[in-house]
2 protein chains.
Amino acid sequence: MPKAKEEDFLPLRDSVYNKLRQSILTGEFPAGERLMEVHLGDKLGVSRTPIREAIRMLELEGLVTMIPRKGAMVAQITEKNMSDVLEVRRALDILCVQLACERITSEGISDLKKARDAFEKAVETNDSRVIAQADVEFHNVIISATGNDRLISLEDSLSLPMYRYRYEYIKDSSGHDNLVKEHRRIVNAIEKRNAEIAAEAAGEHIDNQRRSIIRQIRMDREEETMNALYGKRK
Amino acid sequence: MPKAKEEDFLPLRDSVYNKLRQSILTGEFPAGERLMEVHLGDKLGVSRTPIREAIRMLELEGLVTMIPRKGAMVAQITEKNMSDVLEVRRALDILCVQLACERITSEGISDLKKARDAFEKAVETNDSRVIAQADVEFHNVIISATGNDRLISLEDSLSLPMYRYRYEYIKDSSGHDNLVKEHRRIVNAIEKRNAEIAAEAAGEHIDNQRRSIIRQIRMDREEETMNALYGKRK
DNA sequence: CCGTGGTATTATGTATACAATCATGATATT
DNA sequence: AATATCATGATTGTATACATAATACCACGG
């Protein structure tokens, strides 16, 4: 008898939530797009109720903006907004590696090394999607090693807004050599349980990310301005 | 003509959310209490729909726990749980004062001093509720000075779980002299824009809070154990 | 041609109805 | 007496219906 029976029940709101989130992060729903309940309901084959609940969840995560009596729309990514998120993430990423230095098990260190190697292999493929995925995995190992559930879920939700820029960030990083070097430095520091070096490395790591993402946002905005001035293709 | 007309519309879900949150934080709904939709709806005079949406929001903030097909209950506060939150808050509080050192305006400094003085006056009243309120105000000034909206909302939601212990924490702090001293130290550091000292002071400030809250949780748990062994009054 | 007002449409806010599942308890059987 | 099974009630999950506010469009007047 399959014992997984009660656990695998997924309320519609959750699958709707996942679907909407995916659509936003991949850019299928661009920033500013209105999210209309009946429309989404028809598209996904469910009623308005689960849609509403999913939208409430996305709102709490900052992926959608709600205006009472007007509805929900995909949140705009502004430079200020992203800068705020990155500022917080910098502090939390540093906390992650510091805690990891204290608490990581030998098994965790082995996982970390595996993730590092997997990332370096991914870099060789030169496929942004593969690299991005390996990068996420690498960070997840560190975050899990902290054993702090609240920190884990926070990191998760703070990463979301940036996924919209992750591919460009990966592509942008000239040569990826820096990324590999930074990862190696972090792994070494954690293995030696040297929190100070680890914190420094993690800080630089996200500072680089920040520069790349901010540049990307400015390019996007410039493009939008051009479109507004000279008419956008449609 | 009163211009505040469109803004003051509050959907029921929000007022329900506020009401439930208040009930949880003040202990009216103790940890473990089941939150049943029809029951709450009757009590508050609304239908299930706004109740459900409010509960979803509370879940995202970690104040209630949901089990599919079984319903929602007020989240248990475990020592691990609170420890995780405090660990994160420590990092974010330090980030707050560091950013405040960089960015606070002269007006902000003046507000900060006012809040400090108000807190010291509140201490003299010896009324825990007044002191707790002044303490919150003091921290809010610092948090606002960072100008980081994401940080502001995160600090807000991470403070929530601790409000259930705030009064005891205030009462517990022997003499409150420490609190006054710590606040003064933080204000001085921010005024001189000395991020290092400010960070150190903020760290100690929350470490003290941590000790007090953990002690409180252990006392609560002990009491519960006694009740379970010898029968609880009802 | 522009502005104002009114109406119609659309989308959200809220309530209620229906379906599915879980818990509880009673009854019957071993 | 203990356990198993079925029935009943209660509670959540989902869908739909109704009310209300916002928007868009058109007509009318200046």
Side-chain angles (χ1 to χ4, degrees), chain A residues 1-21 23-24 29-60 63-76 234, chain B residues 1-21 23-24 29-61 63-76:
Chain A
M1 189 217 297
K3 68 176 173 184
K5 180 73 197 303
E6 311 84 10
E7 306 300 333
D8 63 355
F9 173 80
L10 242 197
L12 283 183
R13 60 167 171 272
D14 289 319
S15 62
V16 169
Y17 165 79
N18 288 328
K19 233 173 169 48
L20 289 183
R21 194 176 71 159
S23 297
I24 293 173
F29 291 167
E33 175 115 330
R34 288 191 65 183
L35 298 174
M36 283 173 300
E37 298 166 3
V38 281
H39 179 227
L40 293 174
D42 289 349
K43 192 169 158 188
L44 300 179
V46 300
S47 79
R48 282 175 59 206
T49 311
I51 303 279
R52 286 176 70 81
E53 298 186 339
I55 287 178
R56 297 289 168 279
M57 298 196 255
L58 291 166
E59 187 197 6
L60 266 285
L63 281 182
V64 317
T65 311
M66 288 212 46
I67 304 172
R69 288 261 174 227
K70 287 198 59 178
M73 56 174 58
V74 178
Q76 296 282 352
K234 193 178 186 181
Chain B
M1 189 214 305
K3 68 175 171 185
K5 180 71 197 305
E6 311 84 9
E7 306 299 333
D8 63 354
F9 173 80
L10 245 194
L12 282 184
R13 60 167 172 274
D14 289 320
S15 61
V16 168
Y17 165 79
N18 287 328
K19 234 174 169 46
L20 290 183
R21 194 175 72 159
S23 297
I24 293 173
F29 291 167
E33 175 115 331
R34 286 190 64 185
L35 298 175
M36 282 174 302
E37 297 165 3
V38 280
H39 180 226
L40 292 174
D42 288 350
K43 191 170 157 189
L44 300 179
V46 300
S47 79
R48 283 175 59 205
T49 311
I51 302 278
R52 287 176 69 81
E53 298 185 338
I55 288 178
R56 297 289 168 279
M57 298 197 255
L58 291 167
E59 186 196 5
L60 266 286
E61 282 190 340
L63 281 182
V64 316
T65 311
M66 288 213 45
I67 303 172
R69 289 263 174 222
K70 288 200 60 178
M73 56 174 58
V74 178
Q76 296 283 351

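Worth knowing before you read on, the calculation uses all heavy atoms, side chains too, and leaves out hydrogens, waters and symmetry mates. Sequence lines set the chain letters: A, B, ... in the order given, protein chains first and strands last, and positions in each chain run from 1.
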Taking the side chain as everything from C-beta on, heavy atoms only, tell me whether [X] gets closer than 4.5 Å to [Y].
{"X": "B/Val38", "Y": "B/Arg48", "value": "yes"}
{"X": "A/Met66", "Y": "A/Ile55", "value": "yes"}
{"X": "A/Met57", "Y": "A/Arg21", "value": "no"}
{"X": "B/Leu20", "Y": "B/Leu40", "value": "yes"}
{"X": "B/Glu33", "Y": "B/Met73", "value": "no"}
{"X": "B/Val46", "Y": "B/Val16", "value": "yes"}

Specify the residues of residues 51-59 of chain A, ordered by number, for which at least one heavy atom lies under 4.0 angstrom from an atom of DNA chain C.
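Within residues 51-59 of chain A, the residues near DNA chain C are A/Arg52, A/Arg56.
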
Does A/Leu35 reach a base, just sugar-phosphate, or nothing at all? Heavy atoms under 4.0 Å.
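Sugar-phosphate: the residue A/Leu35, judged by heavy atoms under 4.0 Å, touches backbone atoms but no base.
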
Classify the nucleic acid contact of B/Val46 as base, sugar-phosphate or nothing, counting any heavy atom under 4.0 Å across all strands shown.
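Here B/Val46 touches the backbone only, sparing every base.
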
Hey, which sits more toward the 5' end of DNA chain D by its nearest nucleotide, A/Leu12 or B/Arg34?
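Closest to the 5' end, via its nearest nucleotide, is B/Arg34.
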
With nearest nucleotides of DNA chain D determined for A/Pro11 and A/Lys70 from heavy-atom distances, which residue corresponds to the more 5′ nucleotide?
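Comparing both residues, the 5'-ward one is A/Pro11.
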
Which residue in the set B/Glu61, B/Arg56, B/Glu53 passes side chain to side chain donor-acceptor pair (under 3.5 Å) when paired with B/Tyr17?
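With B/Tyr17 as partner, B/Glu61, B/Arg56, B/Glu53 yield a single side chain to side chain donor-acceptor pair (under 3.5 Å), made by B/Glu61.
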
Short heteroatom pairs, N/O only, protein and nucleotides 16-21 of chain D, under 3.5 Å:
from	atom 1	to	atom 2	distance (Å)
D/dA17	N6	A/Arg48	NH1	3.4

Of the nucleotides C/dA15, D/dT11, C/dT12, which has the atom closest to the B/Met36 side chain?
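Given the options C/dA15, D/dT11, C/dT12, the side chain of B/Met36 is closest to D/dT11.
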
Euclidean distance, atom [atom1] of residue [X] to atom [atom2] of [N] [Å, nearest integer]:
{"X": "B/Met66", "N": "C/dC22", "atom1": "CE", "atom2": "P", "result": "14 Å"}
{"X": "A/His39", "N": "C/dT12", "atom1": "NE2", "atom2": "C1'", "result": "16 Å"}
{"X": "A/Leu10", "N": "D/dT12", "atom1": "CG", "atom2": "P", "result": "19 Å"}
{"X": "A/Asp14", "N": "D/dT14", "atom1": "CG", "atom2": "P", "result": "9 Å"}
{"X": "A/Ile67", "N": "C/dA11", "atom1": "CD1", "atom2": "P", "result": "16 Å"}

Given 3.5 Å as the limit, does a donor-acceptor pair link the side chain of B/Asn18 with the main chain of B/Asp14, or not?
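A pair under 3.5 Å: yes.
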
Can you pull the side chain to side chain donor-acceptor pair (under 3.5 Å) pairs that have at least one residue in residues 66-76 of chain A, sequence neighbours excluded?
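Found none.
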
